[in-house]
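Please read all numbers here as calculations on a predicted model, not as lab measurements. Numbering of ligands and ligand atoms starts at 1, following listing order.
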Amino acid sequence: MNETTANNEQTPAGVGPWGLKLAGVGAALPPKVLTNADLTAWMDTSDEWIRERTGIGERRLGGTTSGLATEAARAAIEAANVSPDEIEQVILATTSPDYMLPGTAPAVARELGIDCGAFDLQAACSGWVYGLVVANGLITQGMNKVLVIGAETLDRMTDYHDRGTGILFGNGAGAVVVERDETNQGQLLSWDLGSNGQHVHILYSEHDGKIQMDGREVFRQAVTVIQRSATNALERAGLTVDDVDLVIPHQANIRIVEAAWKRLGFSMDKTEMVLEHTGNTSAASIPLALDSALTKGRIDSGSTVLFVGFGAGMTWASAVVRWA
Ligand code: ACO
């Protein structure tokens with residue numbers, strides 16, 4: 001580890017005096033679908049190549065970041081059975097805000113009809129897990145309900161004629177009402193946040209530019225940081241791989257997940273993936289996969305769920321939650 005590498009290896013587990021409950025989850029995808037077959041109309045590629053190298057079959061385009069975020073947030077608020085005005089803070093993880101200035105979270109709060117604190121959080125594909133850890137801190141400080149959203153319109157930043165990046169990215173949003181759990185059953189058992197600013201130029205976009213990526217290097221670095229971050233989080237929770245009921249990784253590329261799981265000893269059976277139908281939706285991907293896992297009934301009260309995010313920056317973030 002060198003001086004440009006920030007990590008929190010000395011930070012103890014983030015367990016607060018109160019429990020924490022992910023009380024309601026919602027998702028939103030814009031209706032326009034771009035399939036692999038569609039891409040072959042203008043790109044020298046094939047459905048088979050894209051599926052084999054990435055696990056992606058289609059991605060969604062269109063919408064706005066605030067619009068998708070609001071739709072997902074409304075669904076999460078309804079699922080949590082709370083009123084919008086009970087929300088005390090909106091955290092919007094995004095790498096594709098509506099404007100450079102202002103942030104997009106206040107517009108989401110406006111659309112929800114609330115005027116609580118609202119800010120954007122930019123940690124690329126790790127952003128939603130960073131947001132969950134921040135929400136836990138706010139709840140530890142006395143808040144009751146925090147809305148943590150991941151929302152992206154990556155089609156504005158993606159060149160769909162570029163074979164390296166155009167096959168990967170899409171739009172979507174996922175939102176979670178994170179609530180204080182007075183019963184202490186639900187807990188954020190541990191977390192691990194980190195970054196390495198040496199790797200800015202393996203995945204970046206200039207203002208008003210398109211995403212530039214060194215795919216091979218992103219792949220290599222991602223597998224390494226997933227392994228390290230998931231291991232740190234599990235160790236801090238005093239758990240092993242066998243104690244985890246479900247893993248929800250950032251949905252970047254099935255081969256990245258498979259390579260990391262091979263090193264960690266996780267099975268794909270315990271992993272929720274939505275990548276095939278969404279592509280890489282950056283900060284939205286983990287809450288979108290969480291929504292899917294809940295819809296399929298894969299999470300019960302008492303389940304241990306591991307979230308693992310990794311992305312541009314590079315940043316990484318893992319969190320272990322005991323579900324209530
Ligand atoms: N369709 C068909 N052939 C292609 C395509 C394509 N879209 N892209 C590249 N190729 C060909 C190349 O021309 C090359 O052919 P050659 O061997 O005849 O010269 C061959 O495939 C290999 O090219 P590479 O660029 O080395 O392709 P690679 O195997 O690295 O796959 C990919 C590219 C899929 C992008 C891969 O590098 C990857 O998955 N990287 C991880 C990136 C990622 O997931 N980023 C997500 C964002 S990061 C995040 O969210 C954390």
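- The option with the heavy atom closest to atom 13 (O) of ligand 1, from among Arg163, Glu52, Arg220, is Arg163.
- With a 4.0 Å heavy-atom cut-off, ligand 1 is reached by the side chain of Leu168 but not by its N, CA, C or O.
- Shown here, atom 5 (C) of ligand 1 is in close reach of the protein: a heavy atom of it lies under 4.0 Å off.
- Shown here, atom 10 (N) of ligand 1 is in close reach of the protein: a heavy atom of it lies under 4.0 Å off.
- Assignment of Ala222 to the shell around ligand 1 is not supported, since no heavy atom sits closer than 4.0 Å.
- Contacts between Val218 and ligand 1, counted as non-hydrogen atom pairs separated by less than 4.0 Å, involve the side chain only.
- Contact of the Leu290 side chain with the Ile299 side chain is registered, since non-hydrogen atoms from C-beta on lie closer than 4.5 Å.
- Not a single protein heavy atom sits closer than 4.0 Å to atom 32 (C) of ligand 1.
- Residue contacts with ligand 1 do not include Met314, since none of its heavy atoms lies under 4.0 Å from the ligand.
- Shortest non-hydrogen contact noted between Leu188 and Val133 is CD2-CA, 4.3 Å.
- Ligand 1 places these atoms under 4.0 Å from at least one heavy atom of Asn253: 38 (C), 39 (O), 44 (O).
- Within ligand 1, the atoms closer than 4.0 Å to a non-hydrogen atom of Phe169 are 47 (C), numbered from 1 in the order shown.
- At a distance under 4.0 Å, a protein heavy atom can be found next to atom 21 (O) of ligand 1.
- When the options Gln251, Glu152, His250 are evaluated for a side-chain hydrogen bond (donor to acceptor under 3.5 Å, both in side chains) with Ser285, the one that passes is His250.
- Closest to atom 45 (N) of ligand 1, if we only count protein heavy atoms, is Met213 SD, 3.3 Å.
- Distance from atom 30 (O) of ligand 1 to its nearest protein heavy atom, with residue and atom name: Arg216 NE, 3.1 Å.
- Atoms of ligand 1 lying under 4.0 Å from at least one heavy atom of Gly164, given by number and element, are 35 (C).
- The backbone N or O of Leu288 lies less than 3.5 Å from no partner atom in the side chain of Ser292, so there is not a single donor-acceptor pair.
- Numbered from 1 in the order shown, with element, the atoms of ligand 1 that lie under 4.0 Å from a heavy atom of Arg53 read 28 (P), 29 (O).
- Within a 4.0 Å radius of atom 17 (O) of ligand 1, the protein has no heavy atom.
- Note: Phe266 and Trp261 meet the aromatic proximity criterion, with ring centroids under 6.0 Å apart.
- Polar contact check, Thr54 against ligand 1: no nitrogen or oxygen pair lies under 3.5 Å apart.
- Applying the salt bridge (Lys or Arg N to Asp or Glu O under 4.0 Å) definition to pairs two or more places apart or across chains, none involves residues 238-265.
- Under a 4.0 Å criterion applied to the non-hydrogen atoms of Phe310, ligand 1 contributes the atoms 51 (C).
- Distances below 4.0 Å separate heavy atoms of Ile167 from the following atoms of ligand 1: 7 (N).
- Checking side-chain atoms of Arg322 against main-chain N and O of Gly19 turns up no donor-acceptor pair under 3.5 Å.
- In summary, Glu86 and Lys145 engage in a salt bridge, as defined by a charged side-chain N under 4.0 Å from a carboxylate O.
- Close contacts between ligand 1 and Gly215 involve ligand atoms 37 (O), 40 (N), 41 (C), 42 (C) [criterion: under 4.0 Å to a heavy atom].
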Please tabulate, for the side chains in residues 301-309, all donor-acceptor contacts under 3.5 angstrom to protein atoms that are two or more places apart in sequence or on a different chain.
residue : atom : partner : partner atom : Å
Ser303  : OG   : Asp300  : N            : 2.8
Ser303  : OG   : Asp300  : O            : 2.9

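- Contact annotation: the side chain of Asp181 never approaches that of Gln187 to less than 4.5 Å [non-hydrogen atoms, C-beta and beyond].
- Note that CG of Asp155 is 5.0 Å distant from CG of Leu61, once rounded to the nearest 0.5 Å.
- Taking a distance limit of 4.0 Å, we find that atom 40 (N) of ligand 1 is approached by some protein heavy atom.
- Asp98 places no side-chain N or O within donor-acceptor distance of the main-chain N or O of Thr104, the cut-off being under 3.5 Å.
- For the pair Gln212 (side chain) and Lys210 (backbone), a donor-acceptor distance under 3.5 Å is present.
- Every atom of ligand 1 with a heavy atom of Asp44 under 4.0 Å away is listed here by number and element: 1 (N), 2 (C).
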